[in-house]
Amino acid sequence: MSKVTILGCGRWASFHAWYQSEKLHNEVTMWGRAGDPIYEAVVKTGKNAYIELPKGINYTTDLLKAVRYADTIIIAIAAQAMQSFAVTLGKCQPENKTFVLCMKGLDQNTGERLSEILRKNIDKSNHICVWVGPGHVEELTAGQPNVMIIAGDHADTVRRVITMFESPLISILRSDDMIGVEVGAAAKNVMGIAAGFLDGLGKSSLKGALMARGCYEVSLLIEKMGGNKLTAFGMSHLGDFEATLFSKNSHNRRYGEEFIKGKLSNDIGTAEGVATTKALHGLAQQLGVIMPITNTIYSILYEGADKNNVIKDLFKLVTHQEFNYE
């Protein structure tokens with residue numbers, strides 16, 4: 001039995017608290033911000049819209065206490081909150097901790113990876129891992145097994161975390177390409193919105209083409225950023241992307257579908273892929289990578305482009321040689 005801290009109290013944070021306590025039988029402390037209605041509801045009822053948490057989980061709004069509780073700390077918050085949260089976390093002066101980022105996204109203003117943001121704000125004695133891959137809370141808590149992936153800045157730490165967190169419910173692969181894993185996982189949400197566009201337009205048969213072309217353009221960006229382009233075709237992007245394309249539980253896919261139909265419902269909010277689209281578009285412009293699918297999604301979400309041109313614009317370069325945009 002180990003001690004694990006969960007920083008966050010939303011959908012994925014509550015899943016990880018459930019998984020650590022129920023499936024791995026670890027001692028868990030869950031942190032949330034004081035006054036946060038989501039946190040207060042979890043503490044009061046022991047559940048949220050997605051999951052009922054096991055009894056025995058400790059709750060706190062004291063971040064310093066939460067950080068000191070365990071040497072292994074899972075962070076599962078909104079990706080766009082990472083800049084400010086990392087500064088606050090850094091003030092706790094953690095040392096010799098292992099932080100596991102269980103979130104997908106890139107900073108929409110800087111294009112930075114979440115691990116980069118965290119690294120700037122904590123002591124170098126700490127290690128950082130990223131845990132991503134396919135999976136939806138509703139399916140995992142129903143007992144449907146899955147395969148995910150962890151990458152990190154220290155190989156031995158990654159192996160230790162995998163050994164610590166693997167179970168019959170979740171098998172975990174290892175990657176040495178932190179750049180590719182983070183970028184691929186974040187980009188999956190953008191492609192999820194594109195899949196929703198196709199569903200909303202009644203063109204779901206094109207999701208196969210979307211999968212192939214989407215992975216290719218993401219691989220070009222990963223390579224340009226210094227990662228391994230093959231990572232885009234692995235678990236962090238293609239594996240997760242495929243689960244997203246066809247799942248009714250995918251928030252980004254549903255967002256894309258309702259957006260393109262012009263009838264976003266009050267309960268769906270803004271999908272993480274919206275901010276990531278802005279980040280990817282900025283990186284593509286900065287690095288000179290041609291990303292037609294990403295650019296099309298950006299033009300619709302941010303520039304008011306004509307939705308009727310979606311199909312043509314998404315695949316406007318497919319007349320070229322398949323793996324060469326020149």
Side-chain angles (χ1 to χ4, degrees), residues 1-70 72-82 84-85 88-89 92 99-105 114 131-146 148 164-165 167-170 189 243-244 247-255 258 264-273:
M1 181 180 293
S2 303
K3 289 184 176 181
V4 177
T5 289
I6 312 290
L7 301 182
C9 55
R11 178 176 55 168
W12 274 106
S14 59
F15 164 75
H16 283 290
W18 172 86
Y19 179 67
Q20 292 293 327
S21 179
E22 182 74 15
K23 295 300 181 182
L24 301 180
H25 308 295
N26 288 327
E27 297 178 6
V28 177
T29 285
M30 189 175 187
W31 170 88
R33 295 183 187 278
D36 182 346
I38 296 176
Y39 171 77
E40 292 181 350
V42 168
V43 173
K44 183 178 180 179
T45 67
K47 62 182 181 180
N48 56 28
Y50 304 96
I51 195 169
E52 183 169 347
L53 294 171
K55 295 184 180 353
I57 292 177
N58 305 307
Y59 299 96
T60 184
T61 58
D62 186 333
L63 183 59
L64 181 59
K65 179 181 177 181
V67 169
R68 288 178 173 174
Y69 176 79
T72 303
I73 301 171
I74 289 174
I75 303 179
I77 62 172
Q80 300 310 313
M82 192 63 187
S84 60
F85 181 73
T88 302
L89 183 61
C92 295
F99 290 95
V100 184
L101 301 179
C102 297
M103 44 209 283
K104 304 165 186 175
L114 304 182
W131 182 2
V132 295
H136 294 100
V137 171
E138 301 88 340
E139 295 163 3
L140 286 163
T141 54
Q144 295 186 27
N146 218 319
M148 303 182 80
M164 182 179 174
F165 287 168
S167 76
L169 181 65
I170 302 178
N189 287 333
T244 292
S247 175
K248 65 181 181 359
N249 294 317
S250 169
H251 187 66
N252 287 279
R253 191 212 57 77
R254 182 184 165 210
Y255 181 91
E258 296 201 10
L264 285 177
S265 57
N266 291 331
D267 69 321
I268 197 169
T270 300
E272 182 60 52

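Scope of the values below: all heavy atoms of this structure, side chains included, with no hydrogens, waters or symmetry mates.
In this view, Glu22 satisfies the side chain to side chain donor-acceptor pair (under 3.5 Å) rule with no residue, not counting sequence neighbours. Under the ring pair (Phe, Tyr, Trp, His ring centres under 6.0 Å) criterion, Phe99 pairs with no residue, sequence neighbours left out. Evaluation of the side chain to side chain contact (heavy atoms under 4.5 Å, CB included) rule for Arg33 yields Trp31, Asp36, Phe85 as partners, not counting sequence neighbours. Considering only residues two or more places apart in sequence or on other chains, Thr88 meets the side chain to side chain donor-acceptor pair (under 3.5 Å) condition with none of them. Residues satisfying the side chain to side chain donor-acceptor pair (under 3.5 Å) test with Ser14, not counting sequence neighbours, are Asn48.
Here the shortest heavy-atom pairing between Ala79 and Gly105 reads CB-CA, 3.9 Å. The heavy-atom pair separating Met103 from Ile75 by the smallest distance is SD-O, 3.5 Å. Listed here is the closest heavy atom pair of Ile38 and Cys9: CG2-O, 3.5 Å. Listed here is the closest heavy atom pair of Ile73 and Val67: CD1-O, 3.7 Å. A pairwise comparison of heavy atoms in Pro168 and Pro145 identifies O-CB, 4.1 Å as the closest pair. When every heavy atom of Ala271 is checked against every heavy atom of Asn252, the shortest pair comes out as CB-OD1, 3.1 Å.
Atom CD of residue Glu40 and atom OG1 of residue Thr61 lie 9.0 Å apart, to the nearest 0.5 angstrom. The line from CG of Leu7 to CD1 of Ile77 is 8.0 Å long, rounded to the nearest 0.5 Å. Within the model, atoms OG1 of Thr72 and CG of Asn26 stand 8.5 Å from one another, a figure rounded to the nearest 0.5 Å. Remark: Glu52 CD to Thr141 OG1 distance equals 11.0 Å, nearest 0.5 Å. Residue Thr5 holds its OG1 atom at 11.5 Å from CE of Met30, rounded to the nearest 0.5 Å. We find the CG-CZ distance between Asp62 and Arg68 to be 8.5 Å, quoted to the nearest 0.5 Å.
Using a 4.5 Å cut-off on side-chain heavy atoms (C-beta onward), Tyr19 and Ser167 make contact. Looking only at side-chain heavy atoms (C-beta outward), Trp18 and Lys23 come within less than 4.5 Å of each other.
The ring-ring contact (aromatic ring centres under 6.0 Å, His included) contacts involving residues 38-69 comprise nothing, where partners must be two or more places apart or lie in separate chains.
By the 30° and 60° cut-offs, the orientation of the rings of His16 relative to Trp12 is tilted.
In summary, Glu258 and Arg254 engage in a salt bridge, as defined by a charged side-chain N under 4.0 Å from a carboxylate O.
The main-chain N or O of Glu272 is never found under 3.5 Å from a side-chain atom of Asn189 such that the two would form a donor-acceptor pair. A donor-acceptor distance shorter than 3.5 angstrom exists from the side chain of Thr45 to the backbone of Ala41, with no hydrogens or angles considered. A distance-only check finds a donor-acceptor pair linking the side chain of Lys104 to the backbone of Gly133 [under 3.5 Å].
Under 3.5 Å, the side chains of Gln144 and Glu138 contain no donor-acceptor pair of N or O atoms.
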